[in-house]
Amino acid sequence: MTDTKTPINFILDGKDVSAEADETIWQAAARLGTDIPHLCYKDDDGYRPDGNCRACMVEIEGERVLAASCIRAPSEGMVVNSQNHRATTARKMVMELLVSDQPARESAHDPDSELWKYAETQDVESGRFPARMSAEPDSSHPAIAVNMDACIQCGLCVRACREVQVNDVIGLAGRGADAHIVFDFGDDMGASTCVGCGECVQACPTGALMPKTLLDDSQKLAITPDRHVDSVCPYCGVGCQLTFNIKDEKIVAVSGRQGPANKSRLCVKGRYGFDYVANPERLTTPLIRRDDVAKSDSLPFDASNPLTHFREASWEEALDLAAGKLNHVRDTYGPSAMSGFGSAKGSNEEAYLVQKLVRTGFKTNNVDHCTRLCHASSVAALLENIGSGAVTASFSECRNSDAIIVIGSNPTVNHPVAATFIKNAAQKGAKLYVMDPRGQALDRYAEESLNFVPGTDVALLNGLIHVIIDEGLYDSDYVKNQTEGFEDLKARTASSTPEAMSAICGIAPDTIRDVARGYANAKAAMIFWGMGISQHTHGTDNSRCLISLALLTGNVGKPGAGLHPLRGQNNVQGASDAGLIPMFFPDYKPVGDPEIRAKYENLWNAKLDPEKGLTVVEITDAAYNGDIKAMYVMGENPAMSDPDQAHARAALANLDILVVQDIFMTETAAFADVILPASAFPEKNGTFTNTDRRVQMGRQAIDPPGDARQDWWIIQELANRMGLSWSYTHARDIFGEMRMVMPSLTGITWDRLLKEDAVTYPCADENSEGKDVIFGDGFPTASGRGRMTPADVLPPDEMPDAEFPLVMSTGRLLEHWHTGSMTRRATVLDALEPEPEVHVSPSDLQSLQVSAGDLIRVVTRRGEIALAARVDPKLPAGMIFVPFCFNEAPANMLTNPALDPYGKIPELKFSAARLETVVEAAAE
C-alpha cells in the first residue's frame with residue numbers, strides 16, 4: 001500500500017521538485033512560484049479542479065497528449081514541462097479560442113478579469129475565430145449582473161453554488177455547442193431560488209457574473225476600485241473575513257477573504273449589505289431634543305419624521321448637556337437610578353469602555369447588551385456546568401464530525417456561511433439531525449428532521465438522554481473520570497421514556513431512539529443551537545440538556561466534537577468577554593468577589609458597586625416604574641428588540657435623561673434627550689470576537705460622514721465630563737488595558753492581530769497558536785469536571801387557548817439582521833425583502849380564507865400588528881412566524897416579557913396568538 005504522506009519527487013521545467021501528499025502538478029508548481037494559467041480552477045478551500053478549460057496544459061515527457069495540470073497528479077520521476085514551446089503554444093491557442101467568444105476587451109464587462117489578465121500574459125488581444133451567438137443580459141437580480149456573452153463554461157459558478165455554498169441553484173444545461181449555464185430550470189436569476197451569497201460572482205473568471213455596484217451607469221462596463229481594505233463582516237457571529245473595495249471613498253464592492261471562519265465565503269448580507277453607511281439618513285451632527293417636544297410626543301413612534309423633535313447642536317453643547325444630566329441624576333437619586341446599554345455590533349474596545357463608564361462614572365452594574373435577548377440562558381448553563389460561557393469547538397470542526405445535531409437554529413438563514421460547513425460535512429457522510437418546530441433548508445441534508453411541538457424541547461432532549469443511559473450508550477469512562485451528576489441525571493430521566501416524551505413533544509418513540517443511537521454511537525459529534533433553544537422561560541434548562549448529552553457521550557474536547565451556541569451578532573461573544581453584562585467584570589469575573597473587585601478598583605481608580613446589576617428587561621421595567629431615571633444607549637435599539645414593545649417604549653419615554661449614541665435615528669433614538677452621531681463598522685478600527693472565540697482585526701476603510709465621531713472618542717468625552725480622567729488616543733490603547741485584566745487575551749497583542757488578522761483564545765502566549773477545541777483535559781470548574789444538571793419538563797409561560805389558539809415565534813430573515821436599522825437601509829437587502837409578512841402554514845391560511853399577500857392582523861395579549869400573509873409550507877399547523885426587523889410591523893409589540901429565572905432572557909420564541917382578517921375601507 002502506497003504511503004500517501006511520502007513526498008513525490010519529479011522534475012518541473014528542468015528542476016528537481018517535490019510534491020506534497022495529494023498535490024496536483026498545478027498546486028506543486030504554484031507553491032514553488034510557477035504561475036501556470038488557469039481559469040476553471042480556483043485554488044481556494046472547497047473548490048475541486050475540473051480540468052475543462054484546458055488553459056493550464058503542460059507537457060509530460062513520454063506521453064502523447066498534453067495534460068491539464070490542475071487535475072493531473074505527479075508521479076515519481078515524472079518530467080513535466082510547463083514553459084516549453086509545445087505547452088505555451090497550446091495554452092495560447094486555448095486562450096485565443098476563449099477570447100474569440102468574448103466582447104472586445106475595451107467593451108468587456110470586466111476588462112481586468114482573470115481571463116483578460118492571462119490573455120495579456122500570452123500576448124492574446126483578440127481571437128482569430130468566429131464568435132458564438134451573443135447571449136442576452138439578465139439584470140433581474142438586485143445585486144448581480146448576468147452577462148453570458150462572457151461565459152466560457154468553466155463550471156466554477158456551478159461548483160461554487162453546488163459544492164461550496166451547497167445551494168444547488170446553478171447548473172449546466174444543453175449539450176455540445178448548445179451547452180449553457182442555467183439558474184434552476186432556466187429562470188432569470190432574480191426569479192430563481194438564488195440566495196444572493198455571491199459565491200458564483202467571486203468565482204467567475206470572466207465577468208459573466210458581476211456585482212452591479214462594480215458596473216458603470218450603463219451596467220455594462222466595470223469600474224476599477226482605487227484601493228482595498230481588509231476587514232471582517234459586521235453582521236452575524238460567524239466573523240467572515242472580507243475586503244472592502246473602495247472607489248472615490250465609497251465602498252463599491254465586497255469580496256471574501258481566506259479567513260479561518262469563512263474560507264472566502266460570504267452571504268448576501270456580508271457581500272451586498274454595505275451601502276447603509278452612505279444612506280442619506282445617517283446622523284452627521286449632534287442633536288438635542290427641542291424644549292417644546294416631550295418624550296411622550298414620540299408615543300406612538302412616528303418613523304416618518306422624528307428629526308422634527310430635535311435641533312442640531314455642537315459637540316461641546318451636546319456632550320456637556322448629556323454628561324451634566326447624567327451626573328445630576330446620579331448625584332440626586334443615587335447610582336441605582338443609572339443604567340447603560342452597550343452594543344454587540346461595536347468593537348471589543350467600545351464594549352469595554354461602555355461597561356467601564358457605567359461602573360466607574362455611573363457607579364452601578366446596571367449595564368447589559370443584546371446577549372440578554374439571545375444567548376444569556378445558554379451562557380448561564382455553560383458557566384454553571386462546564387465553567388465557561390464560550391463554545392468548546394469552532395463550527396468548522398464539524399468537518400471532523402460523524403454526527404451533528406442542529407436544534408433551535410436555522411443556520412442557512414441566521415448563520416449562512418456556518419451552514420455551508422454543516423452542509424459540506426453532511427455531504428461527506430456526517431449524520432445530520434435537525435430538530436426544530438419549523439422545517440428548514442438543512443432538512444434536505446438531514447438523516448432525520450424532528451419537527452417537535454413548540455416549547456417541548458426538554459421533553460425531546462430528556463427522551464434522548466433516557467435512551468442513551470437506558471441502553472448503555474454513554475461513555476462510561478468519560479462519565480466516571482470527567483463528569484459529575486450522572487446518578488442524579490439517571491434518576492431524574494428514568495421516567496422520560498421515548499413513549500412518555502413522544503406524547504409531549506410529538507416525535508415518534510422509534511425516531512427518538514434512532515437519533516439517540518446515531519448521536520451516541522458517533523466517534524465525534526457536535527451540537528449547534530440557537531435562539532430557538534435560549535429564548536424561552538426554560539431556555540437554561542434546554543441548554544442544560546444539551547450539555548448533558550455531550551458530557552454523557554464524551555463529545556467535548558476532541559476533534560469534531562463539542563457544544564456550539566451560534567452567536568447572533570458579530571461581537572456578542574466579545575462584548576460579553578469584555579464585561580458588558582451586569583453580574584461580571586471582563587472575562588466573567590463576578591462583581592461580588594472582593595478580591596477581584598479590588599483588582600479593578602486599583603486599575604480604574606474607582607470605588608465599584610459590589611452588587612449585581614439589572615439586566616436588559618429588568619432595566620426597562622425599572623424605568624417604566626420610575627426607579628431607573630437615566631439611561632445611556634450605545635448602538636442598541638431596545639425600542640425594537642425588547643419584548644412587549646409598548647411597555648418598553650413607555651419606559652424610555654419615562655426617563656429623566658436618555659442619551660443615545662448611534663448612526664441612524666433609530667426607534668430608541670426617537671425618545672432621546674441627546675443623540676450623538678457615531679461611526680459605522682467600516683469607519684472604525686477595532687477588534688471583534690466571533691462565535692468561535694476568534695479575535696479578529698477590523699480596519700477602518702472610510703471616514704465617518706459629516707461631524708460623526710469614533711465611538712470610543714464619544715465614550716471617553718462623556719467619561720471625562722462626568723469627572724473621570726481617561727486619555728486613550730487610539731483603540732490600540734484600550735486593547736492594551738484590556739489585556740491587563742483579561743487572561744483570554746494573554747497571547748493576543750494588537751500587533752499580532754495586525755499581522756495575522758485572527759487569533760483564537762485561549763492562547764498561552766504571543767508565540768502560540770490558539771486552541772480551536774478546548775476542555776480535552778478537564779473543565780474550568782471547582783472540581784475540574786463537567787456537571788450534568790437534570791431538567792424537568794415545564795410548559796411555556798403562556799399556552800394557546802380558545803382566544804389565542806396559535807403559537808407565534810419570531811426571528812430573522814436571511815436578508816435582514818437584528819432590528820433592521822442597518823439592513824433596511826442597505827439597497828440590495830431591502831430590495832430582496834422589502835415588506836413585513838407573517839409566515840403561515842398552508843392549512844392555517846386556508847382556514848382563515850385568505851390568500852398569500854393579503855393583509856391580516858396578528859394579535860397577542862400585548863397588542864396587534866397588521867402585515868401581509870406569506871404561505872410557508874415548512875411551518876406546522878398552529879404555528880406562525882413573524883420577523884422582528886420591520887418597524888412598520890414590529891414583532892416585539894406582541895412578544896412575552898416573561899423571563900427565564902436563570903438567564904433572565906425573555907420568552908421571545910413562544911407567544912399565544914391569533915390571526916384576524918383585515919377589512920380594508922373602500923377607496924374613496
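Because only heavy atoms are used, hydrogens play no part in the values below, and waters and symmetry mates are left out as well, while side chains stay in. Counting from 1, the numbers follow the sequence of the chain as shown.
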Query raised in the report: Of all heavy-atom pairs between Val238 and Asn690, which one has the smallest distance, and what is that distance?
Result: O-ND2, 2.7 Å
Query - Lys/Arg-Asp/Glu bridge criterion (N-O < 4.0 Å) met for Arg739, Glu766 - result: yes
Query raised in the report: Taking C-beta and beyond as the side chain, do Trp750 and Leu754 meet within less than 4.5 Å on heavy atoms?
Result: yes
Query raised in the report: Would you find more than 12 non-hydrogen atoms of other residues, nucleotides or ligands less than 6.0 Å from Lys250 atom NZ?
Result: no
Report task. Scan side-chain atoms only and decide if Asp368 and Thr615 contain a donor-acceptor pair under the 3.5 Å cut-off. Result -> no
**Report entry** Donor-acceptor contact below 3.5 Å, side chain Thr823 vs main chain Trp817
**Finding:** yes
Requested in this report: Taking the six-membered ring for Trp and the full ring for Phe, Tyr or His, determine whether the centres of Phe528 and Phe395 are under 6.0 Å apart.
Outcome: no
Requested in this report: Determine the minimum heavy-atom distance between Ala758 and Pro260, stating which atoms define it.
Outcome: CB-CG, 4.0 Å
Query - Derivation and outcome, salt bridge (Lys or Arg N to Asp or Glu O under 4.0 Å), residues Arg699 and Asp757 - result: CA-CA 10 Å; Arg699 295 178 176 83; Asp757 280 334; 2.8 Å; yes
Report task. Kindly indicate whether the side chain of Leu724, heavy atoms from C-beta on, has any atom under 4.5 Å from the side chain of Thr360. Result -> yes
Requested in this report: Without swapping roles, check the side chain of Lys269 against the backbone of His816 for a donor-acceptor pair under 3.5 Å.
Outcome: no
Query raised in the report: Short question: side chain of Thr392, backbone of Ile774 - any donor-acceptor pair under 3.5 Å?
Result: no
Requested in this report: Give a yes or no answer on whether the side chain of Glu397 reaches the backbone of Gly562 with a donor-acceptor pair at less than 3.5 Å.
Outcome: no
Report task. Check for a donor-acceptor pair, side chain of Asn602 on one end and backbone N or O of Lys599 on the other, with a separation under 3.5 Å. Result -> no
Query raised in the report: How about Lys345 and Gln569: do any of their side-chain heavy atoms sit closer than 4.5 Å?
Result: yes
Query raised in the report: Should Glu199 and Lys42 be marked as a salt bridge (Lys or Arg N to Asp or Glu O under 4.0 Å) after you check the CA-CA gap, both sets of side-chain angles, and the distance that decides it?
Result: CA-CA 12 Å; Glu199 187 76 28; Lys42 180 177 168 65; 5.6 Å; no
Requested in this report: Check whether the side chains of Ser394 and Asp772 place a donor and an acceptor atom closer than 3.5 Å, and report yes or no.
Outcome: yes
Query raised in the report: Would you say the side chain of Phe341 lies within less than 4.5 Å of the side chain of Met631, judging by non-hydrogen atoms?
Result: yes
Query raised in the report: Does the side chain of Leu214 reach to within under 4.5 Å of the side chain of Pro225, using non-hydrogen atoms?
Result: yes
Query raised in the report: Checking Asn571 side chain against Gly346 main chain: does a donor-acceptor pair fall under 3.5 Å?
Result: yes
Query raised in the report: Got a donor-acceptor contact below 3.5 angstrom from the Thr691 side chain to the Leu566 backbone?
Result: no
Requested in this report: With sequence neighbours excluded, tell me which residues meet salt bridge (Lys or Arg N to Asp or Glu O under 4.0 Å) with Arg597.
Outcome: none
Query raised in the report: Can you find a pair of side-chain heavy atoms, one from Leu676 and one from Leu718, that are under 4.5 Å apart?
Result: yes
Requested in this report: Give a yes or no answer on whether the side chain of Arg330 reaches the backbone of Phe362 with a donor-acceptor pair at less than 3.5 Å.
Outcome: no
Query raised in the report: Ion pair present between Arg721 and Asp320, side-chain N to carboxylate O less than 4.0 angstrom?
Result: yes
Query raised in the report: How about Glu737 and Leu603: do any of their side-chain heavy atoms sit closer than 4.5 Å?
Result: yes
Query raised in the report: Side chains of Ser641 and His818: donor-acceptor distance under 3.5 Å anywhere?
Result: no
Requested in this report: Verify whether one side chain among Tyr632 and Gln661 offers a donor that lies under 3.5 Å from an acceptor in the other.
Outcome: yes
Query raised in the report: Hey, is Asp44 close enough to Arg265 for a salt bridge, meaning N to O under 4.0 Å?
Result: no
**Report entry** Minimum heavy-atom distance between Val254 and Ile251, given as atom pair plus value
**Finding:** CG2-CG2, 4.1 Å
Query raised in the report: Do any N or O atoms from the side chain of Glu636 and from the backbone of Val633 form a donor-acceptor pair under 3.5 angstrom?
Result: no
Query raised in the report: With a 4.5 Å limit on heavy-atom distance, are the side chains of Leu614 and Ser339 in contact?
Result: no
**Report entry** Glu833 bridged to Arg824 by N-O distance under 4.0 Å
**Finding:** no
Query raised in the report: So, Asp711 versus Ser679: side-chain donor-acceptor pair below 3.5 Å or not?
Result: yes
Requested in this report: Classify the side-chain pair Gln241/Asn262 by whether it contains a donor and acceptor separated by less than 3.5 Å.
Outcome: no
